[in-house]
Amino acid sequence: MSVNEKTWKPKIVAFCCNWCSYAGADLAGSGRLAYPAEIKIIRVPCSCRVNPMFILRAFERGADGVIICGCHPGDCHYTSGNYYARRRMTMLFSMLDFLGIERGRTRVEWVSAAEGQKFANTMNEFAKTITELGENRKLGDLRCK
Amino acid sequence: MIANELKKRALELLADGTVKRVLGWQKGEFEHDWSPALFETAEEMKGFVYGKYAGANLSKYCLKLNKEEGKTLVMLKPCDTYSFNQLLHEHRLNRENFYIIGVGCKGMEDQNGLLMKCTCCKGKVFELSDEVIDDEESRQPMPEVDRFEQVAKLEQMTHQERFEFWRNELSRCIRCNACRNVCPACTCVKCVFDNPGSGIASKANVTDFEENMFHIIRAYHVAGRCTDCGECSRVCPQNIPLHLLNRKFIKDMNELYGEYQAGEGAEERTPMTSYTLEDVEPGIVHERGNE
Ligand code: SF4
Ligand code: SF4
Ligand code: FES
């Protein structure tokens with residue numbers, strides 16, 4: 001499949017925690033704030049539910065960028081989940097960087113239920129970064145494309 | 001000779017019933033390859049060897065023996081005691097099931113000379129033991145080196161160079177799982193890579209994605225628990241420098257969350273099972289080092 005530079009749109013997976021960011025996305029929706037349709041939201045109970053394998057799997061199946069959203073540090077519904085997630089994601093991103101995967105394909109952002117605007121802005125920004133980075137070729141399974 | 005003393009002591013402990021079996025080394029397939037072995041009688045102990053080729057870390061073999069009746073005598077070199085200690089911290093072993101002899105080590109070798117893990121020796125301190133059998137020479141520290149040198153060198157490369165370096169290394173992997181099986185930190189009863197639902201169980205890597213994933217996840221799972229014993233790289237038939245992945249995690253954790261050596265001292269929470277309110281944001285990794 002040849003990729004047309006002009007029409008190519010990235011595939012982006014957003015893991016959103018149920019209690020804050022998913023509600024934030026809802027708010028963005030009900031507030032009619034636009035964010036790219038390429039962003040597919042996967043709802044998780046808490047940002048710490050995101051197993052590093054989920055992120056790798058997303059890349060395998062053709063994602064070009066993965067973003068993890070959770071409650072602001074200190075606000076996690078389960079008290080400390082996002083603190084663990086913060087360390088885990090730092091380590092994972094660092095390893096991807098070490099293996100030579102382009103920077104910016106992964107991101108963590110804290111979005112509360114009241115921050116519909118922040119959600120939309122973050123997603124627009126992230127989609128822009130990924131569009132600039134282009135297709136993910138380094139960490140994908142060609143058979144899944 | 002440490003070997004003779006060890007054998008003598010093991011035979012004594014077997015004879016007086018303190019231990020039921022002895023976990024040590026015996027000659028293997030090759031001259032340079034001595035394998036872990038279990039001895040239950042004085043007769044079997046004839047095959048016991050100890051010396052410069054006894055590089056294998058016996059800690060992992062204790063997992064199975066932990067369930068056996070009676071005590072096991074296990075011989076641990078200084079660095080092996082870190083692995084054993086870490087397994088105690090994780091409640092995978094019961095201390096009272098083992099009689100530990102700390103054995104002096106002058107640096108282990110294989111056909112290519114000094115083992116990688118011995119070139120960056122952790123020192124000659126035994127984290128735990130019931131008794132120690134060593135000699136003057138084995139107490140001498142090994143030369144000090146910076147074990148993160150190679151990791152730092154890779155960090156200085158560009159993304160593309162790093163990518164090519166790792167593609168070259170990881171694409172040689174034949175997924176024999178030796179690195180996982182030998183790792184004293186990889187002790188899951190059911191490993192993700194043996195889970196039939198995972199799509200990656202008991203099969204060779206098909207794409208470069210799978211090669212990457214196996215190694216990222218394997219290293220990730222042992223992050224914070226890896227004592228840097230170097231066994232993964234030692235056993236890899238394809239000579240893949242797996243220790244660099246583990247060391248990258250260790251280096252990062254040291255830099256971001258404070259110095260930590262798994263398996264050292266008393267039980268405490270590892271960097272990956274603890275947090276502070278002031279931890280850095282994950283975005284930091286995209287700002288450090290070379291683009
Ligand atoms: S020991 Fe080497 S070849 Fe075998 S699975 Fe591990 S990295 Fe791959
Ligand atoms: S690779 Fe992961 S799941 Fe498998 S044994 Fe090691 S730590 Fe456990
Ligand atoms: S519940 Fe939102 S991050 Fe834990």
Side-chain angles (χ1 to χ4, degrees), chain A residues 47-48 50-63 66-70 72-74 76 79-110 126 129 133 136-145, chain B residues 151 154-155 157-167 169-170 192 198-200 206-217 219-221 223-224 244-245 247-249 251-253 255-257 270-291:
Chain A
S47 59
C48 76
V50 180
N51 180 332
M53 200 94 137
F54 293 180
I55 298 172
L56 296 184
R57 276 277 182 241
F59 282 122
E60 175 188 22
R61 304 284 156 90
V66 177
I67 182 166
I68 296 100
C69 297
H72 283 269
C76 171
T79 319
S80 54
N82 48 9
Y83 288 122
Y84 290 107
R86 184 157 68 177
R87 284 202 172 188
R88 289 178 196 157
M89 293 310 136
T90 309
M91 285 298 131
L92 180 72
F93 293 2
S94 177
M95 181 50 78
L96 293 178
D97 185 50
F98 191 59
L99 290 183
I101 313 300
E102 304 95 335
R103 290 181 171 181
R105 284 206 190 278
T106 46
R107 180 162 165 185
V108 168
E109 205 59 58
W110 312 120
F126 190 59
T129 317
L133 279 173
N136 160 36
R137 292 171 193 278
K138 285 182 171 170
L139 197 65
D141 187 337
L142 289 175
R143 297 169 307 170
C144 296
K145 296 234 158 162
Chain B
V151 175
L154 277 164
E155 284 172 353
M157 290 181 177
T158 65
H159 265 80
Q160 193 55 31
E161 282 168 351
R162 273 208 295 272
F163 183 72
E164 275 155 24
F165 173 86
W166 282 112
R167 283 309 329 134
E169 297 292 348
L170 300 184
V192 285
S198 69
I200 41 170
V206 183
T207 62
D208 43 4
F209 171 81
E210 283 178 10
E211 283 157 4
N212 279 335
M213 182 183 66
F214 175 74
H215 290 97
I216 296 172
I217 296 296
Y220 191 94
H221 282 183
L244 295 180
L245 295 173
R247 277 193 195 153
K248 168 66 179 163
F249 278 131
K251 184 167 181 283
D252 275 344
M253 286 186 290
E255 283 170 5
L256 300 174
Y257 309 129
T270 72
M272 296 308 281
T273 51
S274 51
Y275 63 87
T276 68
L277 304 186
E278 293 79 35
D279 282 344
V280 292
E281 293 296 326
I284 188 154
V285 303
H286 296 148
E287 283 145 31
R288 299 188 314 164
N290 224 346
E291 176 72 38

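Convention: sequence-line order gives letters A, B, ...; per-chain numbering from 1. This is a predicted model, so every value here is computed, not measured.
Among the candidates B:L256, B:L170, B:I284, B:V280, the residue making the largest number of heavy-atom pairs closer than 4.5 Å to chain A is B:V280. In terms of non-hydrogen atom pairs under 4.5 Å with chain B, the most contact-rich of A:I68, A:L96, A:L92, A:N51 is A:L92. With chain B as the partner, the residue from A:R88, A:K138, A:R57 showing the most heavy-atom pairs under 4.5 Å is A:K138. Per-residue heavy-atom pair counts under 4.5 Å with chain B were compared for A:P52, A:S80, A:G74, and the maximum is reached by A:P52.
Using a 4.5 Å heavy-atom threshold, the side chains of A:R103 and B:V285 count as separate. Within the 4.5 Å cutoff, side-chain heavy atoms of A:F98 are placed close to those of B:L154.
For chain A, the nearby parts of B:D252 are the backbone and the side chain; heavy atoms of each come within less than 4.5 Å.
With values rounded to the nearest 0.5 angstrom, B:I216 atom CD1 is found 5.5 Å from A:L139 atom CG. Note that CE of B:M253 is 6.0 Å distant from CE of A:M91, once rounded to the nearest 0.5 Å. Distance check: A:F59 CZ to B:M213 CE gives 14.0 Å after rounding to the nearest 0.5 Å. Here B:N212 contributes atom CG and A:L99 contributes atom CG; the two are 5.5 Å apart, rounded to the nearest 0.5 Å. For the atom pair CE (A:M95) and OH (B:Y220), the distance works out to 10.5 Å, reported to the nearest 0.5 Å.
Ring planes of A:Y84 and B:Y275: perpendicular class, angle over 60° (limits at 30 and 60°).
For A:R86 (side chain) and B:L277 (main-chain N/O), a donor-acceptor pair under 3.5 Å exists by modelled atom type.
Applying the side chain to side chain contact (heavy atoms under 4.5 Å, CB included) test to B:T207 and every residue at least two apart in sequence or in another chain returns A:D141, A:R143, B:F209, B:E210.
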